[in-house]
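Note that the structure is predicted; figures quoted are calculated from it, not measured.
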Amino acid sequence: MSLQRVVFVTVLMIVTTTVFSQRRFEEYNRLGLTGGVNLFDIQTDQFLTSQGTGVTAEFTTRGSFYNNFDLIYGIGFYQQNVDISTYVFFSEPEMTPYTISGVQVKLLGSYNIIQHHLSLEFGPILHINGKMKLKNSEDEERLVTGYNGILSQDLEDITKVNFRVMGGITAGLKSFRLSAHYQYGVTNMLNKLNEQNFAEERDFEGKSSTIVLTGTFYF
């Protein structure tokens with residue numbers, strides 16, 4: 001499924017759910033706009049990586065579900081950054097920056113500790129991204145640290161569809177909340193590298209690790 005179709009289907013789902021929720025749950029159902037930063041890294045034994053800071057923007061709907069539970073549907077746009085160690089012959093390794101753009105589709109449960117003010121959130125995420133692009137084209141011919149035949153540009157074509165699980169806390173007012181969430185990738189985001197014919201064959205494996213800090217305005 002293309003990224004455009006995912007966005008269209010998700011927005012349609014959010015709008016439909018909002019209409020349904022307004023009929024069924026008169027107490028609470030609100031649309032929200034979210035903005036914030038994410039701290040992204042790849043947990044892998046094959047490469048030396050360093051956490052990078054990116055940005056995120058989301059469109060969500062939060063509605064009453066049952067007793068102290070809310071449901072959250074959402075779509076988020078993510079720009080994530082990570083550094084990977086590379087080198088050139090006869091030089092010391094350096095951290096080379098990469099960037100990944102993508103979209104997330106979420107279905108989360110929210111347990112209200114204090115109604116409208118403090119809640120714990122958890123659930124699955126579908127993450128669809130583009131390539132892990134080098135930020136600087138002059139870094140394309142650098143070698144990946146630990147390998148003699150893998151260039152930095154060889155790492156760009158990563159797995160496009162991944163699943164994550166998320167947990168975190170949200171606190172604030174009925175119309176504005178601050179959130180701190182952690183997302184962990186349950187699928188191998190480097191699996192597509194195993195399709196390449198590197199001279200040095202390895203079973204590449206990497207799981208995403210993301211801290212997301214955001215603020216949400218509800219309407």
Side-chain angles (χ1 to χ4, degrees), residues 2-4 6-7 34-58 75-106 125-166 168 180-214:
S2 68
L3 180 59
Q4 292 85 352
V6 171
V7 172
T34 299
V37 299
N38 63 79
L39 308 175
F40 174 77
D41 202 356
I42 302 173
Q43 296 184 356
T44 177
D45 294 329
Q46 277 81 33
F47 310 121
L48 177 61
T49 69
S50 177
Q51 185 182 80
T53 302
V55 296
T56 182
E58 298 182 349
I75 184 168
F77 299 91
Y78 279 68
Q79 183 262 318
Q80 298 177 320
N81 298 309
V82 66
D83 296 339
I84 297 177
S85 179
T86 65
Y87 73 102
V88 294
F89 287 115
F90 311 114
S91 297
E92 292 294 320
E94 297 180 0
M95 300 307 291
T96 300
Y98 290 79
T99 185
I100 310 171
S101 296
V103 62
Q104 291 187 351
V105 180
K106 302 178 179 180
I125 295 173
L126 172 64
H127 186 89
I128 302 173
N129 55 261
K131 291 185 176 182
M132 184 170 67
K133 296 182 179 180
L134 285 162
K135 283 192 174 181
N136 305 310
S137 58
E138 58 266 27
D139 292 332
E140 291 181 351
E141 301 300 318
R142 296 181 64 87
L143 291 164
V144 177
T145 300
Y147 303 90
N148 294 323
I150 301 179
L151 299 175
S152 55
Q153 62 181 330
D154 294 333
L155 303 184
E156 291 188 320
D157 195 14
I158 59 175
T159 303
K160 301 300 190 300
V161 180
N162 294 279
F163 291 93
R164 300 179 179 181
V165 291
M166 191 207 79
H181 294 142
Y182 177 72
Q183 300 179 4
Y184 179 74
V186 296
T187 51
N188 180 10
M189 66 177 295
L190 301 180
N191 188 54
K192 195 169 178 60
L193 297 180
N194 294 317
E195 299 176 6
Q196 301 191 42
N197 296 318
F198 294 125
E200 302 172 78
E201 293 187 8
R202 295 289 184 100
D203 291 326
F204 294 103
E205 184 173 4
K207 303 295 183 66
S208 63
S209 175
T210 313
I211 299 171
V212 185
L213 306 173
T214 59

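Contact of the Q80 side chain with the H127 side chain is registered, since non-hydrogen atoms from C-beta on lie closer than 4.5 Å. Residues E94 and R142 form a side-chain contact, since some pair of their non-hydrogen atoms from C-beta on lies under 4.5 Å apart. In this structure the side chain of L155 never reaches within 4.5 angstrom of the side chain of I158, judged on heavy atoms. Looking only at side-chain heavy atoms (C-beta outward), N38 and T56 come within less than 4.5 Å of each other. Using a 4.5 Å heavy-atom cutoff, the side chains of N136 and P97 are in contact. For the pair D45/E205, no side-chain contact is recorded, criterion being any heavy-atom separation below 4.5 Å from C-beta on. Between S101 and F77 the shortest side-chain heavy-atom distance does not fall below 4.5 Å. In this structure, the side chains of K131 and I100 stay at 4.5 Å or more apart for every pair of heavy atoms.
Checked by atom type and distance alone, the side chain of E156 pairs as donor or acceptor with a backbone atom of L134 at under 3.5 Å. Looking at T159, its side chain does come within 3.5 Å of a backbone N or O of K192 through a donor-acceptor pair. No donor-acceptor distance shorter than 3.5 angstrom exists from the side chain of S152 to the backbone of V144, with no hydrogens or angles considered. Within the 3.5 Å criterion, the main-chain N or O of T145 finds no donor-acceptor partner in the side chain of T86. The closest donor-acceptor contact from the side chain of T214 to the backbone of T34 lies at 3.5 Å or more, if one exists at all. In this structure, D41 contributes its side chain and S209 its backbone to no donor-acceptor pair below 3.5 Å. Using a distance-only test at 3.5 Å, with no hydrogens or angles considered, a donor-acceptor pair links the side chain of D154 to the main chain of L151. Side chain of Q51 to main chain of D83: no donor-acceptor pair is present (N/O by atom type, distance under 3.5 Å, no hydrogens or angles).
Across all their heavy atoms, N148 and L143 have their closest contact at O-CD2, 3.5 Å. In this structure, H181 and G168 approach most closely via the heavy-atom pair CD2-CA, 3.4 Å. The minimum heavy-atom distance linking R164 with G185 is given by the pair CG-CA, 3.9 Å. Y87 and G146 get closest at one heavy-atom pair: CE2-N, 4.4 Å. Minimum heavy-atom separation, E58 to Y78: OE2-OH, 2.8 Å.
To the nearest 0.5 Å, atoms CE (M95) and OG (S50) are separated by 5.0 Å. Distance check, rounded to the nearest 0.5 Å: CG of N188 to NZ of K207 gives 7.0 Å. Atom OG1 of T53 is separated from atom CG of L39 by 5.0 Å, given to the nearest 0.5 angstrom. The distance from the CG atom of L190 to the CD1 atom of I42 is 5.5 Å, given to the nearest 0.5 Å.
Neither side chain, N194 nor Q196, offers a donor N or O lying under 3.5 Å from an acceptor on the other. Checked by atom type, the side-chain pair D139/T96 shows no donor-acceptor distance below 3.5 Å.
In this structure, Y184 and Y182 have parallel ring planes: the angle between them is below the 30° cut-off, well short of the 60° mark. Between F47 and F204, the ring planes lie parallel to each other; the angle is under 30°, not in the 30° to 60° tilted range.
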- Please test V161 against L126 for side-chain contact (heavy atoms from CB on, under 4.5 Å), starting from the C-alpha separation and ending with a verdict. CA-CA 7 Å; V161 180; L126 172 64; 3.7 Å; yes

- Message: Applying side-chain contact (heavy atoms from CB on, under 4.5 Å) to V82 and M132, what does each step give before you reach the verdict?
- Response: CA-CA 9 Å; V82 66; M132 184 170 67; 4.1 Å; yes

- Verdict with reasoning, I125 to F163, per side-chain contact (heavy atoms from CB on, under 4.5 Å): CA-CA 6 Å; I125 295 173; F163 291 93; over 6 Å; no

- Task: Step by step, work out the side-chain contact (heavy atoms from CB on, under 4.5 Å) result for Q153 and E141.
- Result: CA-CA 7 Å; Q153 62 181 330; E141 301 300 318; 3.1 Å; yes

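Counted within 6.0 Å of NZ on K133, heavy atoms from surrounding residues, nucleotides or ligands total 12 or fewer; the atom is thus considered open.
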